[in-house]
Amino acid sequence: MASPARLERLTPKSTDFDKWYIELVRQAELADYAPVKGCMVIRPYGYALWEHIQAALDGMIKATGHENMYFPLLIPESYLAKEAEHVEGFAPEVAWVTHGGSKELEERLAIRPTSETIICSMYADWIHSYRDLPVLINQWVNVYRWEKRTRLFLRTSEFLWQEGHTFHETEKEATEEVERMLECYTTLARDWLALPVVPGTKTRSETFAGAVYTRSIEAMMSDGWALQAGTSHHLGQHFTNAYNITFRNRENVEEHPYQTSWGVSTRIIGAVIMAHGDDSGLILPPKVAPVQIAVVPIPAGSDDAMNSRIEEIATRFEKASGPACRIRVDRRDGIRPGEKFAHWELRGVPLRITIGKRDVESGVVTVTRRVDGVSETMGIDACIAALPELLEDAHRRLQERARAMLEDRSVDVSTMDALAEAFSERPVFANAPFCNRPECEDLIKEKVHAVTIRVLRDDRKGEGAPCIACSAPSEFVALIARAY
RNA sequence: CGGGAAGUAGCUCAGUCCGGUUAGAGUGCACGGUUCGGGACCGUGAGGUCGCGAGUUCGAAUCUCGCCUUCCCGACCA
């Protein structure tokens, strides 16, 4: 019987969601604070999770024809300054290197907040002809932004991400590229991370500094808040003009290429935590879980024959482990089964296999799913053979649960009062006909505290219904939510 | 960056108001034993620059000033 003190190691989600989140990140050993404001240490378990997400996304990036490369961390101030809107957007959060050793530098160097500027500066020399296009590159790097308010994974000053950058001969090609990469992000979110996401286009006020338009996927967290989980920007010729990148087209006329950029960061780990976790800890999507199956052998006291039977079965599972089925046998001595269960639940391991005397006597093992806590017994051979399918099933259940949450927390509204009413009880994803004028966006923000228009939805159109704010015929359906 | 709260053992905190032997508890950790199908129990032990730096004082975890970090509410946020 557990004492109350033990059960309260993790603050329940319903008591204090923010506290639950921070405690979970630290207790599950995903990350911890570093001595510098807004910086974090990503611990091995958290980094392993990132590596699996990275591997999935990197595979898609390469499969769509992109190559990885690397640009330097430091960007000369003069490079950064050329695209006016961009520098204005980022200036408040750039960290500067001013000294080399004890010598003051003649030109300050920015620690990259993003790399469009240095990439454009370099490609100005490398692009000359339509034959040099398209340029399809990506880099996996850290970036630094001097954030006023930070939260582990969700908004840290330094974070890890991939930033893709492409240059194209035609606007149409760039548009297709923007869609292609948003599609990759949607696939990553839904098929790998089981996140409930809504793809769409950002309003002007939320568009990337220097972009023509920004596409985004918005994920729903289990408290009903939205989290931007990936963005894909159409940069048009804004940067290629500013950085004087030109090519000779097929008619021998000089032109500026069309450009895109797109990124997903370690923030998405925060999305995984907040979308799926519960009062017992993380619930990791099986496809990216560092440990997918935890095997807990339960010793049978002094019954040596039984103990070696149990060990033999555990070893058979261990041998079934591989890149596609990551199994960990928990043989830690002196730790009771209940504590091991709690340990792996806190870490969100999708499946637990328990092997005890009871099971061995019946020739079975007990399989427990993290997502719903349901246990079943299976024959040993059957279980080993079914492991990939059991993981797939766990993924589908997590996905279905997330989808149901999104559905349950979504509401259609057509008037401002209905919008306020929708948010009066709990945060939701509110969908409303919207004309896409900035004035109307402001009216919505004024009407309900702390909400923003996350995206204009791809899957739904206004079809002329009256805009929620001004009643003019609407072309769009806005997704309105509170956001991290 | 504005308002509020906090920082004492790995973690959660007491002690600070009212300065005074050797700074405590729970949990965690190590060792020994009994246990072992949901966070066990008994015993022993290790573990602290009291966030950092100045100042006041015979004496500072405690009082004063400065700084750093974290949390909450705002502002800001590709």
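Chain letters run A, B, ... following the sequence lines, proteins first and then strands; every chain starts at 1. In this text, all values refer to a predicted model and were calculated from it rather than measured experimentally.
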Practice task
Using whole Å, report how far CD of Glu88(A) lies from C1' of C77(B).
Solution key: 14 Å

Completion exercise
Here the distance between atom P of A78(B) and atom CE of Met181(A), to the nearest Å, is 22 Å

Fill in the blank from the handout: side chain to side chain contact (heavy atoms under 4.5 Å, CB included) test vs Met221(A) passes for just one of Arg482(A), Met274(A), His276(A), Arg409(A), namely Met274(A)

Problem - Pair Thr366(A)-Asp359(A), side-chain donor/acceptor within less than 3.5 Å - result: yes

Exercise for the section: Using the salt bridge (charged side-chain N to carboxylate O under 4.0 Å, His left out) rule, collect all pairs that involve residues 157-168 of chain A, keeping only residues at least two apart or in two chains. Expected result: none

Handout entry: Residue pairs, two or more places apart or on separate chains, that pass side chain to side chain donor-acceptor pair (under 3.5 Å) and touch residues 68-80 of chain A
Key = Asp58(A)-Asn68(A), Asn68(A)-Asn138(A), Tyr70(A)-Arg112(A), Glu77(A)-Arg108(A), Ser78(A)-Glu107(A)

Problem - Polar side-chain contact Glu345(A)-G38(B) base: donor and acceptor under 3.5 Å - result: yes

Problem - Set of ring pair (Phe, Tyr, Trp, His ring centres under 6.0 Å) partners for Tyr45(A), sequence neighbours left out - result: none

Practice task
Report the residues that fulfil side chain to side chain donor-acceptor pair (under 3.5 Å) with Glu93(A), sequence neighbours left out, ordered by chain and then residue number.
Solution key: none

Handout entry: Tyr484(A): partners by side chain to side chain donor-acceptor pair (under 3.5 Å), with sequence neighbours left out
Key = Asp223(A)

Practice task
Do nucleotides 66-76 of chain B as a string where each nucleotide becomes B, S or -: B if the base has a protein heavy atom under 4.0 Å, S if just the sugar-phosphate does, - if no protein is that close.
Solution key: ---SSSSBBB-

Completion exercise
The Watson-Crick or G-U wobble partner of A40(B), with both key distances under 3.5 Å, is U34(B)

Practice task
Mind checking Gly356(A) for me? I need base, sugar-phosphate or nothing, with any heavy atom below 4.0 Å counting as a touch.
Solution key: base

Exercise for the section: Please tell me which of Gly89(A) and Ala342(A) maps to the more 5' nucleotide of RNA chain B, matching each residue to the nucleotide holding its nearest heavy atom. Expected result: Ala342(A)

Handout entry: Any strand: nucleotide that pairs with A75(B) via Watson-Crick or wobble, under 3.5 Å
Key = none

Exercise for the section: Round to a whole Å and report the spacing from CZ of Arg43(A) to P of C11(B). Expected result: 11 Å

Completion exercise
With sequence neighbours left out, the residues meeting ring pair (Phe, Tyr, Trp, His ring centres under 6.0 Å) with Trp192(A) are none

Handout entry: Interatomic distance, Ile335(A) CD1 vs G28(B) C1' [rounded to whole Å]
Key = 12 Å

Fill in the blank from the handout: With sequence neighbours left out, the residues meeting salt bridge (charged side-chain N to carboxylate O under 4.0 Å, His left out) with Lys447(A) are Asp417(A)

Exercise for the section: For U70(B) and G24(B), measure between their C1' atoms and round to the nearest Å. Expected result: 24 Å

Problem - Where protein sits on nucleotides 43-48 of chain B, one letter per nucleotide: B base, S sugar-phosphate only, - none, heavy atoms under 4.0 Å - result: ------

Practice task
Using a heavy-atom cut-off of under 4.0 Å over every strand shown, decide if Gln27(A) touches base, sugar-phosphate, or nothing.
Solution key: nothing

Practice task
List in chain and number order the residues that pass side chain to side chain donor-acceptor pair (under 3.5 Å) with His86(A), two or more places apart in sequence or in another chain; answer none if no residue qualifies.
Solution key: none

Fill in the blank from the handout: Rounded to whole Å, the CG-C1' distance (Asp330(A) to C36(B)) equals 13 Å

Practice task
Give the rounded distance in Å between these two atoms: CG of Asp333(A) and C1' of G32(B).
Solution key: 14 Å

Exercise for the section: Assign Lys357(A) to base, sugar-phosphate, or nothing according to its heavy-atom contacts below 4.0 angstrom with the strands shown. Expected result: base

Exercise for the section: Test for a donor-acceptor pair under 3.5 Å between the base of G10(B) and the side chain of Arg26(A), counting only N and O atoms. Expected result: no

Exercise for the section: Residues of residues 213-230 of chain A with any non-hydrogen atom less than 4.0 angstrom from an atom of RNA chain B: list those, numerically ordered, please. Expected result: none

Problem - Lys/Arg N to Asp/Glu carboxylate O, Asp372(A) vs Arg401(A), below 4.0 Å - result: no

Exercise for the section: Could you check whether Trp161(A) gets within reach of a base, just the sugar-phosphate, or nothing at all, counting any heavy atom under 4.0 Å? Expected result: base

Exercise for the section: For Thr231(A), report the nucleic acid contact type (base, sugar-phosphate, nothing); a contact means any heavy atom under 4.0 Å. Expected result: base

Exercise for the section: Searching all strands shown, indicate the nucleotide that pairs with G19(B) (Watson-Crick or G-U wobble; both distances under 3.5 Å). Expected result: none

Exercise for the section: For Ser216(A), check side chain to side chain donor-acceptor pair (under 3.5 Å) against everything at least two apart and list the hits. Expected result: Glu218(A)

Exercise for the section: Would you please say whether a donor-acceptor pair under 3.5 Å links the side chains of Ser280(A) and Glu345(A)? Expected result: no

Problem - Nucleotide opposite U57(B) in a Watson-Crick or G-U pair, distances under 3.5 Å - result: none

Handout entry: Phosphate-side-chain proximity, Arg336(A) and A40(B), N/O vs OP1/OP2 below 4.0 Å
Key = yes

